Amino acid sequence: MPELPSHASPFYPPHPLSASLVSKLDLNNARSESPPPGTLLSPAFTPPSTPGTDTPALLREPKSIPVDTTLQKSPKLLDRLPEVNCVVRARIPTVTGAEMFLHLYQNSEDNKEHLAIVFGRHIHSRSMYAPQPGETEKDRMTRGAYVGRLHPGRTSSRFDPQDPETSTTSAPPSISSSASALAAPLARIHSECYTGETAWSARCDCGEQLDEAARLMSLPSSTGGVIVYLRQEGRGIGLGEKLKAYNLQDLGSDTVEANLLLRHPADARSYGLATAILLDLGFGGDAGIRLLTNNPDKVRAVEGPNREVVVKERVPMIPLAWKTGGRKGIHGTEIEEYLRTKIGKMGHMIE
Ligand SMILES: Nc1nc2c(ncn2[C@@H]2O[C@H](COP(=O)(O)OP(=O)(O)OP(=O)(O)O)[C@@H](O)[C@H]2O)c(=O)[nH]1
């Protein structure tokens with residue numbers, strides 16, 4: 001096996017045929033005179049909105065409610081936060097035109113790929129920027145540990161002569177040192193929902209909430225923010241068990257009863273990983289965050305055992321159908337029942 005750079009994947013060494021294939025197909029210079037047939041179009045060219053449907057084009061900052069969690073009964077939290085390490089980061093131009101940086105984390109608790117979806121170039125992961133032994137500048141840029149923007153020919157991860165913002169600093173700016181960070185930054189802790197975010201389910205509003213969080217964090221007036229995307233599908237019970245819960249719901253149970261019938265807690269999630277990721281991204285300390293949620297348990301739990309992160313304000317996530325008087329958003333008996341159970345049995349604060 002040839003010597004590979006430290007960033008090379010252990011599983012996929014470059015295939016000798018790949019270079020000749022690229023030149024044969026002339027992929028780098030592909031220019032088509034006529035549009036490609038519909039059958040060849042990537043889904044990326046078809047409807048850009050996620051199953052949550054689009055949210056209204058309001059350019060206002062969201063309304064938020066001051067929060068004082070010291071008055072709240074503390075939920076059961078781990079004594080210590082888990083360790084997290086951002087192993088790779090990349091810029092993603094999105095279908096709405098906004099740009100975000102996807103951060104992929106490893107952690108000391110499980111083997112899942114938890115993510116942080118970061119809006120704003122001033123928000124940086126500390127673990128990502130820490131130097132690694134023996135790495136080259138190319139290695140650093142390949143794993144995403146650079147300031148500013150990558151472009152062909154760039155040689156330094158720390159300075160970019162083409163970008164004055166990077167040329168005078170050796171460390172990435174932090175969110176707290178950013179002059180524009182007057183309002184507490186927005187944060188959402190989002191739990192994975194394959195059905196609602198990918199498979200067009202109208203049983204829940206998860207896809208819609210993800211869209212709305214991203215929209216708010218990319219408003220021109222926004223100071224940016226982060227969506228911590230935790231892989232705790234089905235409120236922590238996993239997709240297989242959630243699908244069983246759906247069948248029990250079709251047989252007459254609500255979402256809480258279905259979990260209990262399957263011998264799971266009503267909600268099996270925890271948020272220590274989210275707290276640790278927020279800290280890694282510089283969201284700790286008294287400056288606080290504005291948390292996008294309706295879930296009262298989440299508000300205190302996200303702060304961590306010693307209030308390492310402070311939730312200053314809560315931004316309610318109002319279902320789009322309610323906000324638009326039924327003109328947009330998800331409709332149906334299932335979503336109504338789902339929201340009714342969240343309010344009635346789980347105490348969600350959906351005004
Ligand atoms: N067990 C179970 N999980 C569900 C069901 N519908 C959605 N989920 C999961 O619920 C999680 C989202 O939680 P919600 O209760 O909708 O909202 P929340 O995160 O507690 O609160 P918000 O921050 O206000 O969104 C995701 O992991 C979904 O996969 C269901 O019928 N049963």
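A quick note: this is a predicted structure, and the numbers were derived from the prediction, not measured. Just so you know, ligand 1 is whichever comes first in the structure, and atom 1 is the first atom listed for that ligand.
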Which is it for [X] and ligand 1 at heavy atoms under 4.0 Å: side chain, backbone, both or neither?
X: Thr255; value: side chain
X: Ile237; value: side chain
X: Lys298; value: side chain
X: Gln232; value: backbone
X: Gln209; value: side chain
X: Arg188; value: side chain

Any idea which protein heavy atom is nearest [atom], and the distance to it?
atom: atom 4 (C) of ligand 1; answer: Lys242 CD, 3.6 Å
atom: atom 14 (P) of ligand 1; answer: Lys342 NZ, 3.4 Å
atom: atom 22 (P) of ligand 1; answer: Thr293 OG1, 3.5 Å
atom: atom 13 (O) of ligand 1; answer: Arg269 NH1, 3.3 Å
atom: atom 31 (O) of ligand 1; answer: Gln249 NE2, 2.8 Å
atom: atom 9 (C) of ligand 1; answer: Arg235 N, 3.6 Å
atom: atom 1 (N) of ligand 1; answer: Asn259 OD1, 3.0 Å
atom: atom 27 (O) of ligand 1; answer: Glu192 O, 2.8 Å

Review point. Quick one: are Asp110 and Asn107 in side-chain contact, heavy atoms under 4.5 Å?
Key: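 SC-SC contact between Asp110 and Asn107 confirmed.
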
Check your understanding: Between Leu292 and ligand 1, is there a nitrogen or oxygen pair with a distance under 3.5 Å?
Key ->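 No, no N or O pair falls under 3.5 Å.
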
**Study point:** Geometric cation-pi criterion, Arg203 with Tyr338: 6.0 Å, 45°
**Key:**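 So Arg203 doesn't make the cation-pi contact.
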
Practice item. Under 4.0 Å from a heavy atom of Cys193: give me the atoms of ligand 1 that qualify, with their elements. Key: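 Checking each atom against Cys193, I get 28 (C), 29 (O).
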
**Study point:** Atom indices of ligand 1, in the order listed, that fall short of 4.0 Å to a heavy atom of Tyr246
**Key:**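 Ligand 1 atoms under the 4.0 Å threshold to Tyr246: 6 (N), 30 (C), 31 (O).
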
Review point. For the residue pair Arg149 and Arg121, what are the closest heavy atoms and their distance?
Key: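 Answer, listing the atom of Arg149 first, then Arg121: N-NH1, 4.1 Å.
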
Point to revise | Whichever hydrophobic residues join Leu251 through chains of side-chain contacts under 4.5 Å | key: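 Via sub-4.5 Å side-chain contacts, Leu251 links to Leu248, Leu261, Leu262.
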
Practice item. Using side-chain hydrogen bond (donor to acceptor under 3.5 Å, both in side chains) as the criterion, point out the one residue from Arg188, His114, Glu197 that pairs with Tyr229. Key: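 So the option named by the test is Glu197.
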
Practice item. Output, in order, the C-alpha distance, side-chain angles, deciding distance and verdict of side-chain contact (heavy atoms from CB on, under 4.5 Å) for Asp267 and Gln232. Key: CA-CA 10 Å; Asp267 191 336; Gln232 33 191 16; over 6 Å; no

